[in-house]
Amino acid sequence: MRISVTVDGTKYDDDVEPRTLLVHYLREQLGKTGTVVGCDTSNCGACTVHLDGHSVKSCSVLAVQADGCEVNTIEGLERDGQLHPMQQAFHDNHALQCGFCTPGMIMQSLDLLADNPNPNEHEVREGLEGNLCRCTGYQNIVRAVQDAAGKMSPGAGPEVERVANEVAGRHSARTPVSSGGE
Amino acid sequence: MIPAAFDYTAPSTVEEAVGALAEAGEDAKVLGGGQSLLPVLRMRLAAPTTLIDLGKVAELRGVREDGGALVIGAMTTHYDVQRDPLVQQHAALLARATDTVADPQVRHRGTFGGSIAHADPAGDLLAPALAMDTEMVIAGQGGRRTVAAADFFVDYFTTALEPDELLVEVRVPKHTGWHAHYEKFNRVAQAWSIVAVAATVRVEGTSIAEARVGLTNMAATPVRAHAVENALVGAPATPEAIRAAAAHAAEGTSPTSDGNADADYRQHLARTLTGRAVTAAVSG
Ligand SMILES: Cc1cc2nc3c(=O)[nH]c(=O)nc-3n(C[C@H](O)[C@H](O)[C@H](O)COP(=O)(O)OP(=O)(O)OC[C@H]3O[C@@H](n4cnc5c(N)ncnc54)[C@H](O)[C@@H]3O)c2cc1C
Ligand code: FES
Ligand code: FES
């Protein structure tokens with residue numbers, strides 16, 4: 001089946017089998033291996049990407065379901081060699097060890113901040129409920145998300161704000177909640 | 001793992017979807033949000049020949065008012081249900097239960113109708129649907145029919161839906177001004193309910209005027225705790241009176257024993273969680 005998808009700002013037209021999972025399309029057809037597969041049960045969240053501005057587990061979406069949609073992955077976050085503030089915060093706070101969960105953690109953390117720009121510790125933990133980490137014990141991940149929230153807030157400095165705004169801009173496509181559109 | 005091959009079609013109206021389902025025969029499956037079906041296909045526990053994706057059927061999404069009821073489209077996502085102002089105002093119990101479903105990513109894709117049609121006994125939206133006396137609107141080749149929640153849930157993963165029928169929308173009688181709480185007992189993040197209790201009450205002054213209580217995972221289908229409801233009506237909204245009423249929660253139930261809990265422990269949980277749910281509801 002023919003699909004047309006915009007991934008990290010670039011438009012792709014491709015033939016896919018209906019059974020192709022979005023994560024396999026990203027990794028194997030587009031070569032975007034930054035998004036990883038960590039489980040067979042839709043639990044780990046390592047494969048998290050944004051589909052039309054909302055986080056999804058890309059192992060639990062068919063590529064054909066993304067036809068006509070915009071997909072953003074971990075590979076689209078840095079700008080001109082500069083890490084996104086969320087990536088930088090994970091680095092600064094030692095929020096990764098093996099790093100396998102990190103692409104999904106970062107994408108889900110950005111989704112959380114789009115809904116709640118200043119989450120408390122409990123809200124960060126709830127927001128990351130769908131992402132599992134076998135290494136860190138989560139403490140430093142929670143710290144990193146709160147650090148990034150502070151740095152991405154208005155007044156945090158021109159460069160950080162520019163990058164943060166670009167990401168936030170993608171979320172402006174979010175629908176009002178009761179209109180029934182997506 | 002990768003699912004077995006299937007044909008895929010994405011109709012844009014309910015009529016087209018019903019037609020596609022009839023044409024594809026009994027090995028076809030409807031794809032809602034895919035958050036239960038795609039994991040099953042990945043494990044190759046099912047291999048439908050055709051998937052009929054409802055994702056492009058705009059009329060199946062959203063929440064509207066129709067007199068004394070809210071009408072929730074089958075394809076309305078958990079995320080949209082949680083935040084919908086009409087749901088908050090007229091069906092708070094559904095919003096509170098939906099908050100506990102899975103995780104944010106799954107709630108962005110998974111749908112209210114998909115959960116109801118899937119009818120997993122541990123699913124968190126079945127007991128609220130039963131407790132609030134909702135009605136399921138079903139479309140098939142012969143037109144539409146409506147089935148009350150009490151008749152809709154038939155057995156484990158089995159509903160009144162025929163293989164060639166779709167769940168179109170759910171009609172929820174307005175419970176405007178009712179207090180609500182969903183008390184879910186599980187052990188780890190993302191886990192399904194071992195037992196959970198859906199409670200919604202209307203308080204007048206200092207006493208309970210009306211009460212609806214539904215139990216999750218106490219049987220193959222959701223269960224209504226009528227004895228608790230009857231004991232609550234007219235009772236003062238105090239912890240002692242609520243605890244006395246909650247003592248009836250397990251009456252008439254015969255839950256299963258499994259790796260998560262023995263039957264008698266499930267009955268204990270039903271009583272304890274009912275007390276907590278009603279107490280939280282009246283004070284919330
Ligand atoms: C990690 C994880 C954790 C979860 N935890 C919970 C939890 O704690 N509590 C909970 O309640 N749920 C949980 N779920 C399930 C989730 O709520 C699903 O969204 C829901 O069970 C199914 O909805 P869906 O729209 O994704 O349906 P699908 O997966 O698309 O479909 C499920 C079934 O329903 C049928 N179907 C779907 N829509 C219709 C329709 N309109 N008409 C007729 N048939 C239809 C399909 O053919 C299929 O058989 C979890 C899922 C995951 C992946
Ligand atoms: S790979 Fe584990 S949730 Fe997608
Ligand atoms: S850093 Fe290893 S899984 Fe999270």
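Below, all heavy atoms of this structure are taken into account, side chains as well, without hydrogens, waters or symmetry copies. Chain A is the first sequence line, chain B the second, and so forth, proteins listed ahead of strands; every chain is numbered from 1.
Looking at M43(B), the atoms closer than 4.5 Å to chain A (heavy atoms on both sides) all sit in the side chain, from C-beta outward. Proximity to chain A is limited to the side chain of V106(B), based on heavy atoms less than 4.5 angstrom apart. Only the side chain of T48(A) comes within contact range of chain B, with at least one heavy atom under 4.5 Å from a heavy atom of that chain. Heavy atoms of Q65(A) lying under 4.5 Å from chain B belong to its backbone as well as its side chain. With a 4.5 angstrom heavy-atom cutoff, C47(A) does not touch chain B via any of its atoms. For chain B, the nearby part of L132(A) is the side chain; its heavy atoms alone come within less than 4.5 Å.
For R27(A) and Y25(A), the positive end is not near the middle of the six-membered ring at less than 6.0 Å and at most 45° from its axis.
Residues N186(B) and S193(B) form no side-chain contact, since every pair of their non-hydrogen atoms from C-beta on lies 4.5 Å or further apart. Residues D13(A) and S4(A) form a side-chain contact, since some pair of their non-hydrogen atoms from C-beta on lies under 4.5 Å apart.
Interface with chain A: from residues 117-126 of chain B, no residue qualifies, criterion being any non-hydrogen pair under 4.5 Å.
Surrounding CZ of R134(A) are at most 12 heavy atoms belonging to other residues, nucleotides or ligands under 6.0 Å away.
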Sequence neighbours excluded and cut-off under 3.5 Å, please list the side-chain donor-acceptor pairs for residues 5-31 of chain B, or say none.
residue	atom	partner	partner atom	Å
Y8(B)	OH	D53(B)	OD2	2.5
T13(B)	OG1	E16(B)	N	3.0
E16(B)	OE1	S12(B)	N	3.0

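Pairing each heavy atom of L70(B) with each of L86(B), the nearest pair is CD1-O, 3.5 Å.
Looking at D66(B) and K174(B), no side-chain N of the basic residue comes within less than 4.0 Å of a carboxylate O on the acidic one, giving no salt bridge.
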